[in-house]
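Worksheet for the structure shown next.
Please read all numbers here as calculations on a predicted model, not as lab measurements. Computation of the quantities below employed the complete heavy-atom set of this structure, encompassing side-chain atoms and omitting hydrogens, waters and symmetry-equivalent molecules.
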There are 2 protein chains.
Amino acid sequence: MSLPHALLGLLAVRPSSGYELAKAFEGDLGRYAWQAGHTSIYPELGKLAERGLVEVTHEGPRGSRTYAVTPEGRDELRTWLLTPPRQAAKVRNERVLRMFLLSVLDPADALEVLRRITEHTAAEAAELRRIRSDAGPVVAPGAEGFGQLAAEYGLRQYEAVHSWALWAIEQLESRAAAAS
Amino acid sequence: MSLPHALLGLLAVRPSSGYELAKAFEGDLGRYAWQAGHTSIYPELGKLAERGLVEVTHEGPRGSRTYAVTPEGRDELRTWLLTPPRQAAKVRNERVLRMFLLSVLDPADALEVLRRITEHTAAEAAELRRIRSDAGPVVAPGAEGFGQLAAEYGLRQYEAVHSWALWAIEQLESRAAAAS
DNA sequence: CTCTGACATGTCAACATTTACATGTCAGCG
DNA sequence: CGCTGACATGTAAATGTTGACATGTCAGAG
């Protein structure tokens with residue numbers, strides 16, 4: 001279960017409220033890496049606080065509470081990141097699953113889906129390139145997102161899927177030509 | 001919830017027993033796309049059979065039952081694949097999460113992790129290239145795996161992560177040099 | 001013939017996650 | 001001042017997933 005580590009990681013970047021953490025999962029983090037809604041975040045923050053890995057450092061308006069990682073939390077996070085993932089690291093990605101199952105469609109349907117993928121990935125990649133061009137330092141996370149490291153990862157991801165989809169279209173079309 | 005669709009997809013490729021389906025999730029499918037253990041597969045096959053999307057076509061030795069998709073199941077699968085995923089498609093990937101959190105480590109630790117990633121991705125990519133070289137037709141799924149489409153996807157994925165990790169190492173090292 | 005390991009299916013309790021419900025604050029607009 | 005929408009936190013039931021336990025078959029090695 002990686003949610004506690006995701007929260008520790010976010011809080012290690014910057015102390016935040018549960019609400020802000022929930023917002024973070026709506027961005028790149030939730031898009032590529034790990035999803036969570038506020039209904040799992042709030043209870044989990046409570047558990048982490050009980051274990052002494054995070055603490056409330058500030059109470060603001062509208063009942064907001066700002067959490068920060070404790071030194072123990074930082075240790076836990078560092079240990080987790082430095083321990084190589086078991087080969088059974090959890091993976092669940094609906095989009096990728098769809099790509100895997102594409103070959104069960106007949107070629108016309110598959111081509112349609114692949115074309116949509118090329119359009120989508122091209123648009124997302126363009127957006128990330130745009131963001132990159134007006135960005136700050138590379139390792140320090142910017143105010144709005146989760147650092148250039150993550151943005152660059154997403155960009156390369158989209159480029160790879162884009163080129164894969166183009167390749168797949170070519171394969172399908174050349175097979176169709178050969179069969180005719 | 002994508003498990004039923006994953007099962008329909010696998011059965012659309014080739015009728016299989018629950019045991020064989022569980023094996024399939026241990027390969028590329030479970031590595032990149034979707035995980036499931038036999039404890040979720042058997043009950044889900046039961047539900048799909050109740051809904052008339054799959055049926056038992058053969059009973060073999062040791063109580064094995066071979067399932068196949070029905071025409072209704074094929075319809076359901078096709079409809080799902082052709083419906084564009086909601087923007088909230090489920091994503092959960094522990095390895096990617098680790099990469100996102102990398103920037104909270106101090107540079108020496110981060111470099112260590114990145115180096116391990118480059119080694120790991122290089123090895124996996126080499127393995128996939130090896131498999132590709134002794135492979136059959138591109139779209140039809142081979143006996144052992146889930147088609148060349150998926151293998152090619154995995155290969156490009158590893159190459160992208162590999163090149164990202166090299167880039168990230170360079171960034172960290174140049175920052176370290178600038179800071180000294 | 002016995003042992004081992006792969007084949008094959010299943011249940012159930014514990015745990016994690018999602019969906020729906022529920023409540024209240026505060027800033028800005030008209 | 002009332003409305004709206006973002007801010008902010010929570011609970012509870014339903015659902016989904018994992019891990020531990022349980023059972024039994026069959027082929028091949030020794």
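Contacts of S64(B) with the nucleic acid, taken as non-hydrogen atoms under 4.0 Å apart, involve only primed sugar atoms and P, OP1 or OP2. When heavy atoms are screened at a 4.0 angstrom cut-off, K23(A) is found touching the sugar-phosphate backbone but no base atom.
Checking H58(A) against T66(A) by side-chain atom types alone, no donor-acceptor pair falls below 3.5 Å.
Counting heavy atoms from C-beta on, the side chains of W167(A) and Y153(B) never come closer than 4.5 Å. Side-chain atoms of L81(B) and D109(A), non-hydrogen and from C-beta on, never get closer than 4.5 Å to each other. At a threshold of 4.5 Å between non-hydrogen side-chain atoms, the residues Y67(B) and L10(B) do not count as touching. Residues L111(B) and R115(B) are in side-chain contact: their nearest non-hydrogen atoms beyond the backbone lie under 4.5 Å apart.
Rounded to an integer number of Å, the gap from Y42(A) OH to dT18(C) P is 16 Å. Separating the NZ atom of K90(A) from the P atom of dC15(C) is a distance of 14 Å, rounded to the nearest angstrom. Distance, L45(A) CG to dT17(C) P: 14 Å, rounded to whole Å. We find that CG of L3(A) is positioned 16 Å from P of dC15(C), with the value rounded to whole Å. Between F25(A) atom CZ and dT18(C) atom C1' the separation is 15 Å, expressed in whole Å. Residue E94(A) contributes atom CD, which lies 15 Å from atom C1' of dT17(C) at whole-angstrom precision.
The shortest distance between the side-chain N/O atoms of R92(A) and the OP1/OP2 oxygens of dT17(C) is not below 4.0 Å.
Comparing M1(A) and G63(A) by the nucleotide of DNA chain C that holds the closest heavy atom to each, the one mapping nearer the 5' end is M1(A).
Reading DNA chain D from its 5' end, the first and the last nucleotide to sit under 4.0 Å from a heavy atom of chain A are dA6(D) to dT18(D).
In this structure, the side chain of R129(A) does not engage the main chain of L155(A) through any donor-acceptor pair within 3.5 Å.
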